[in-house]
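What you are looking at is a predicted structure, and each value in this text was computed from that prediction instead of being measured. Reminder, nothing fancy here: chain letters follow the sequence lines and each chain counts from 1.
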Amino acid sequence: MKISKIYHFLGSVYFALILIAAAALFVILGTLIESHTRSHLYAAQFTYSNPLFIMVLWGFFINIFLSALRRRPFKVRHIPFLTTHFGLLMILGGILIKVYFGVQGTMKIMEGAASHRILKANTYVVQAEKRGEQPYSYSLDKINKSPDYKEQGLSLELVNYLPNSSDRLATWIKGTHATIQGLSPMPMLVDENETDEILPSGKVQFYQNSPPWEIYAIRTNNIQESLNKLCQQGALLKFNLRASGVALATLDLSTALNQPVVLKDEHGVYGEAKVHLNLVFSDNEGINEDSALEIEAYEAGNGNCHKVKVPLRGDLALLNLNKSTPYLGSSPITVDIIRAPLLAFIEDQCKDTHMVSFDARGQVWSHSFGNDHLHSYIAYEEGFGGYAVQSNLPFPNFLCGREQREAALFDYLAVEMRQAVSKQPELSPPLKLLQNACHKGGVDFIETLILFLRQWDNQHSWLYAEGSVLPKSMEIALKHINWQQHPQEACQQTVLFFDLIKPDIDACHHLIEALRKNNWPLMASCERLWKQEQKSIVDKTGSLMTLLTQQIFSIDDQLIQSKNESERVPMTCQQHARLLSAYLRAYDIHLSTIIPMISDSEIKQLIQKKESVNSPLITLETPLAAILEEAPISSTLEDNIPAITLRVQKGNLVQTISLAYDSFAQGLKWPILQGEYLLRFQPRFLEIPYSVRLRHARQINYANSQQAFSYESAIIITDLRSHENTEKTISMNQVHETWDGYRFYLSNISPSDESSVKHIQVVVNHDPAKYWLTYPGAIILSLGIILLFWMRPYRKKKEEDFYEKK
Amino acid sequence: MQSYNSKFFSIKVSFFYYTAPVLILMLCLSSCHTNTNDIKKKAVELQIIAGRDEGKGRESVYRMKVPVNWIRHDPLPTDDLIDTTKALCEFIIMENSEKIRIAIHNFPSMQITDRIPPEAQIARWQRQFDVLDKMQSSTIPQSFSGFSGLLFFGEGIMQGKEVAMLGWSLQLAPEHYRNLQQASSPKISTLYTQMRSDITIKAVGPKMLMHKHKQDITESARSFELIREIPSRT
């Protein structure tokens, strides 16, 4: 009797209502939990993956099955009802089979590679790889349940489990010390920016017969401040007059930054200089190439201001760039740094380590080592021998200051010009004029030209300055100069004109006003040039002066000769030099316009070659270590990175290791037991009967835009059972499904551009009962619903016909 | 009342007897679709390209899809292909008296540091022009089939003729290169050396003809891949 009651209850509409209410409750609960925690995983644990919810599904199955059985004995009119219920049972059966035997996981593939293994989300295994053998997975559940779990000759014991952790890679700074392979660990100091000085952690003589390098290991919350201190510590600033080499001042960089520097030459006070240090640091680039020392020097006599920029990094490092009047050549004042070389390891508040170095002339170099990603590392014996990062000592053992760099650039220019001239090209007229003069005088053309250009450049003058002592070879050449067939009058007029406007040239913005005031006849093109908004006043002035020179030369044939040929007094070499400089300006030839731009490493090679010194390459190395720290548990379960501490034993060898969960199984495997095994804590790999090979992945943008419209990947899917290949293109909204229910969704592409080889993430889903239970069940259910409607009017009509006949 | 019921009843019956099946059939038909993405637009064929050796029997290493009307030129099987200036294979696109020559080269290396950067290759190609129209030149990054590098397009004068050049200079990703250094046998090692080679695909031809076939050349070049999948280590 009781069994009969249970039987009827289980098949009743009341039980169905209870189940529907329970399912609704789960759905409501799941929605609320997910919206509150923003964690699908959390919601799934409490609802859809909960055994109670599975029981509700089983309840539906039993209820539908028994409600159908209760209709026995079956008649024709039960067909629609039974069909509907049979369809529902098939769908529920399909769902239950999927719950127990379905597959869902992710596959990460790189362009060109293939994979037939998926990572099953939220599974936990320790993967151990023995040298020369296939990796083996140890289930964390099994390790946890059995304290002396042993498999494949390896005993594993779970010592500690952290539900959430933060892991990072430690490079040069580990704990409280900086470590360089082969040197004693150096203590790390915390720079709290309260004192002006940072003490070095040690000194190392990297090169023989060279001063030792100071090594700093610092932890700081304000890396910019610490870098400024390091840059100033022990650095001297030296001011000189470029042309004569007379020393103007030598003082500490820190003093120069804090107060104006008084510049004194042999005649007394030369002027005053203000110094500004602009050390630009960013997490991505380290110390960038805009970092420079900026100097404003005012001459006491005329108040002229000379702005000099000394870049501290890059190809122009340590060269003195004239920022106020670059068109006149180099700045009349030179600025050099003299200091002890240093190497600093600085750990910032994000625990990234920045390696910074200053050489003996103040050139700076930096390289950042992120704690979660490294651009490169060394894996010894494929990781079994451990991991390390390396960096070359950035500076050689010879001086690479401004003077050495300038000399190297002139040498390079000479070589380039010699090569060019050896091909006998058509030289520009002023060069041709000088070449002929040199040839007649029996002096070397290139050497003479460069000497002349260097001397002219040092004079800080648009044209060659009067009264200068010419280089010997130049004097010989100029004695043989022949102006016939060359615009000597235009050169003369140019010299006269620029002598006239010299005061306006020195104050660059006065030049255009002076031209306007004096009704310069070719003003229109000058005005046009001056109105070019994208150019600075300094650049405009330079261009304007070139234009003025060319304008004078363009009207050469209309110029009235100042004196008849016969009345002309023979010119001195200095006068010839001035005319030649005007001629060269007309063709925009000046040291500043022809000096080659070569890379920092090329300059150093040239200096090394010139100095004939041997500078061995010194490589610094430090072992890579993983640092694990406990982190607060996040309510978004997906964000948590669990970590375990394992005690691993094999024979007499015992080692304890901590591992953070690597959810994509892409990170490093850590060596253990003297490099016999590699371990990684990761999800379980599951093999599927399909291999997916990625040909290429790409981002498709909207027309004429960089905005992504879609992402797609061309793949080859190989059925490993039949070895049949299928070429497909999958995209965000285009899923590929195999005949046996494996579905492949494209979920991510990285990087999205073409800058490097791309990886894709494919979500793989397999519903084993879909084609023989779920889909047929849905069709049968639909048929049953149609029959319910179709047979009801049919039945009613038959009944009415029957009554009418009656 | 009864007549109204009877009329309503007949409407219901006619709906379920006639209209509903037609509607269901139409619904079923409307859910069927053709995957237009997989329709091949052009007649192409898969070409197998052998690696580089001394003429002792080359192993097939690469494959690419090319239009059926391209003419293929291969070196003789007995030719020594150690000299990397010799192409692995050439395709010619002929149109009237004009032709585009597409040459495929590989550059085997033993160490990752021995590889020549794609930028150097592009610079070399640029120097092949007597006059290069810099306004019409471009170099953009490319990545496909596990290779990454640069695509150069340039127009200018070469040997007195107005030509255009489309060239890919590609290297395998460092991860792939390292995986291909782990060979299990000497035979595999030889194959892997070819597989990890740098690649160049260079098309040169008259400017107008190049513009006409640029799309086809690009599609073919981007279909270039290794026949064997690159082993990965997880």
Looking at [atom1] of [X] and [atom2] of [Y], how far apart are the two atoms once the value is rounded to the nearest 0.5 Å?
X      : Y      : atom1 : atom2 : value
A:E727 : B:S223 : CD    : OG    : 9.5 Å
B:E229 : A:L694 : CD    : CG    : 11.5 Å
B:I230 : A:R693 : CD1   : CZ    : 7.0 Å
A:H696 : B:R222 : NE2   : CZ    : 5.5 Å

Residues pairing under salt bridge (Lys or Arg N to Asp or Glu O under 4.0 Å) where one sits in residues 142-159 of chain B, two or more places apart or in two chains, turn out to be B:E155-B:K207
Ranking B:A173, B:G149, B:S145 by heavy-atom pairs under 4.5 Å to chain A gives rank one to B:S145
Do the side chain of B:H176 and the main chain of A:E111 share a donor and acceptor less than 3.5 angstrom apart?
-> yes
Within residues 132-143 of chain B, contacts to chain A at heavy-atom distances under 4.5 Å involve B:P141, B:Q142, B:S143
Counting heavy-atom pairs under 4.5 angstrom with chain B, the leader among A:K108, A:R695, A:E754, A:R698 is A:E754
Applying a strict 4.5 Å limit to non-hydrogen atoms, the region of A:S691 in contact with chain B is side chain
Under 4.5 Å to a heavy atom of chain B? For A:I716 that would be side chain
So the side chain to side chain donor-acceptor pair (under 3.5 Å) pairs with at least one residue in residues 121-131 of chain B (sequence neighbours excluded) are B:Q121-B:R124, B:Q128-B:K202
- Neighbour count >12 (heavy atoms, 6.0 Å) for atom CD, A:E133: yes
Result block: side-chain N/O donor-acceptor pairs under 3.5 angstrom for residues 185-195 of chain B, not counting sequence neighbours:
{"unit_1": "B:S185", "atom_1": "OG", "unit_2": "B:I188", "atom_2": "N", "d": "3.2"}
{"unit_1": "B:T190", "atom_1": "OG1", "unit_2": "B:P186", "atom_2": "O", "d": "2.9"}
{"unit_1": "B:T193", "atom_1": "OG1", "unit_2": "B:S189", "atom_2": "O", "d": "2.7"}
{"unit_1": "B:Q194", "atom_1": "OE1", "unit_2": "B:R52", "atom_2": "N", "d": "2.7"}
{"unit_1": "B:Q194", "atom_1": "OE1", "unit_2": "B:N106", "atom_2": "ND2", "d": "3.0"}
{"unit_1": "B:Q194", "atom_1": "NE2", "unit_2": "B:R52", "atom_2": "O", "d": "2.9"}

